[in-house]
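The block underneath contains the structure these notes are about, expressed in structure tokens.
Just so you know, these numbers use all the heavy atoms, side chains as well, and skip hydrogens, waters and symmetry mates.
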Amino acid sequence: VRDEFKSYPKYPVGHTSISKFVLPEKYAVVNIGHTIKAKEWPAAETNKVIDFLISKGVTPVFLGKNDIQDHGSAKIKDDPLMHANFAVGVNLKKGVNLLNKTSLIETMEILAKAQVFVGIDGGLLHMAACTDIPIVVGFTFVEPMHILPYRDGVMGKGMSVVEPDESLKCRGCQSKWAHLYNVDFRSCWYDDYECTKQMTGEKFIDKLRTLV
């Protein structure tokens, strides 16, 4: 399939009202959710980004759901990989906490009007990619080239990527070692999750400096 046909659909801004959330004029959506430990953003590093955004007059907004009661399927309720967990220790009081408070369409509208989306690869990234906002996203166990969204026929358009250090030879392990059958890369091969530890606040802030 040619690149021009790979683009994510564009969300129609203004499709729904989000006035009830009383959002500030300038805000950034910060993703603190993860479905697997290999995508968990350490709270201490997230808090560095939160403080940086606030120093630039940009309010962090936290979106996502981990309320599995919203899903009627018993299968989903019994499967921990089918719903999100939120990182413990994030300074939620420094921003607007909308966790478990928005519908899917309200989440899209909030994303579409944000200054920037920042966080680790996950569902919110791909929702944000249906808008035109800048994105700063971290990848741990998958190579960015294998999962970056397409916008307007261009892979990763308007997106800045954060990766583990090149010295970490196992970074992007699933992409590099996919020939190892019966290996679940959602769990760390070495059980140290070093790639997530290298999702440092400084790396994200370096990308954010030109965006906020």
Side-chain angles (χ1 to χ4, degrees), residues 1-16 18 23 25-36 38-41 45-46 49 52-53 56 58 60-64 84 102 104-166 168 170-178 185-186 195-196 198-212:
V1 178
R2 296 201 303 268
D3 287 354
E4 60 263 35
F5 297 115
K6 296 178 182 178
S7 297
Y8 280 29
K10 197 67 63 77
Y11 171 75
V13 183
H15 187 77
T16 192
I18 54 173
L23 293 168
E25 181 179 353
K26 295 179 65 176
Y27 65 87
V29 171
V30 179
N31 181 27
I32 67 166
H34 60 279
T35 54
I36 57 176
K39 288 186 177 184
E40 182 176 3
W41 195 9
E45 304 307 321
T46 310
V49 172
F52 172 77
L53 291 169
K56 296 296 182 180
V58 179
V61 171
F62 308 105
L63 292 175
T102 60
L104 186 66
I105 199 69
E106 288 169 341
T107 298
M108 285 300 312
E109 192 75 26
I110 292 169
L111 281 165
K113 295 177 179 177
Q115 298 291 118
V116 65
F117 168 87
V118 57
I120 306 298
D121 164 42
L124 279 179
L125 159 68
H126 298 282
M127 293 174 69
C130 294
T131 74
D132 290 322
I133 65 169
I135 290 173
V136 179
V137 58
F139 292 94
T140 53
F141 74 127
V142 178
E143 292 283 355
M145 66 175 292
H146 290 161
I147 201 168
L148 269 174
Y150 277 76
R151 285 165 153 176
D152 301 321
V154 179
M155 175 189 282
K157 181 181 179 182
M159 305 178 200
S160 301
V161 170
V162 173
E163 296 183 80
D165 298 339
E166 290 187 12
L168 185 66
C170 61
R171 72 174 188 167
C173 59
Q174 178 173 278
S175 297
K176 294 175 179 176
W177 303 345
F185 290 99
R186 295 173 297 189
C195 58
T196 64
Q198 293 191 15
M199 294 289 103
T200 63
E202 288 79 8
K203 289 181 178 177
F204 284 88
I205 290 169
D206 184 58
K207 305 289 185 181
L208 287 167
R209 291 189 189 280
T210 60
L211 300 175
V212 297

Among side-chain atoms of Thr140 and Thr196, is any donor-acceptor pair under 3.5 angstrom? no
Taking the side chain as every heavy atom from C-beta outward, state whether Pro9 and Tyr11 have any atom pair closer than 4.5 Å. no
Of all pairs that satisfy side chain to side chain donor-acceptor pair (under 3.5 Å), the ones with a partner from residues 203-212, not counting sequence neighbours: Asp165-Lys203
Assess whether atom NZ of Lys6 is packed by more than 12 heavy atoms of other residues, nucleotides or ligands within 6.0 Å. yes
If you look only at distance, which donor and acceptor atoms sit under 3.5 Å apart when one is on a side chain in residues 127-137 and the other is two or more places apart or in another chain?
residue, atom, partner, partner atom, Å
Thr131, OG1, Ala128, O, 2.6
Thr131, OG1, Ile133, N, 3.3
Asp132, OD1, Lys10, NZ, 3.0

Side chains of Tyr27 and Leu53: closer than 4.5 Å at any heavy-atom pair? no
Closest contact, heavy atoms only, Glu106 versus Ile18: O-CG2, 3.9 Å
Main chain of Gly153, side chain of Ser7: is a donor-acceptor contact present, judged purely on distance under 3.5 Å? yes
Could you list the donor-acceptor pairs under 3.5 angstrom formed between side-chain atoms of residues 113-123 and any protein atom two or more places apart in sequence or on another chain?
residue, atom, partner, partner atom, Å
Lys113, NZ, Glu109, OE2, 3.1
Asp121, OD1, His126, NE2, 3.4
Asp121, OD2, Lys39, NZ, 3.1

So do the side chains of Gln174 and His146 get within less than 4.5 Å of each other, counting heavy atoms only? no
Residue Glu4 excluded, over 12 heavy atoms near CD under 6.0 Å: yes
Are any non-hydrogen side-chain atoms of Glu163 and Val161 less than 4.5 angstrom apart? yes
Determine whether Trp41 and Phe204 make a side-chain contact, defined as any pair of heavy atoms from C-beta on separated by less than 4.5 Å. yes
Tell me whether Gln198 contacts the main-chain N or O of Pro164 through its side chain, where contact means a donor paired with an acceptor under 3.5 Å. no
Just so I know, are the side chains of Arg171 and Glu166 near enough to count as touching, which here means a heavy-atom distance under 4.5 Å? yes
Measure from the side-chain N and O atoms of Asn31 to the backbone N and O of Gly33, and report whether any donor-acceptor pair falls under 3.5 Å. yes
Quick one: which of Ile105, Ile110, Leu111 gives a side chain to side chain contact (heavy atoms under 4.5 Å, CB included) with Thr107? Leu111
Pair Val30, Thr46 - check side chain to side chain contact (heavy atoms under 4.5 Å, CB included), show working. CA-CA 8 Å; Val30 179; Thr46 310; 3.9 Å; yes
Check whether any side-chain heavy atom of Phe139 sits under 4.5 Å from a side-chain heavy atom of Val162, and report yes or no. no
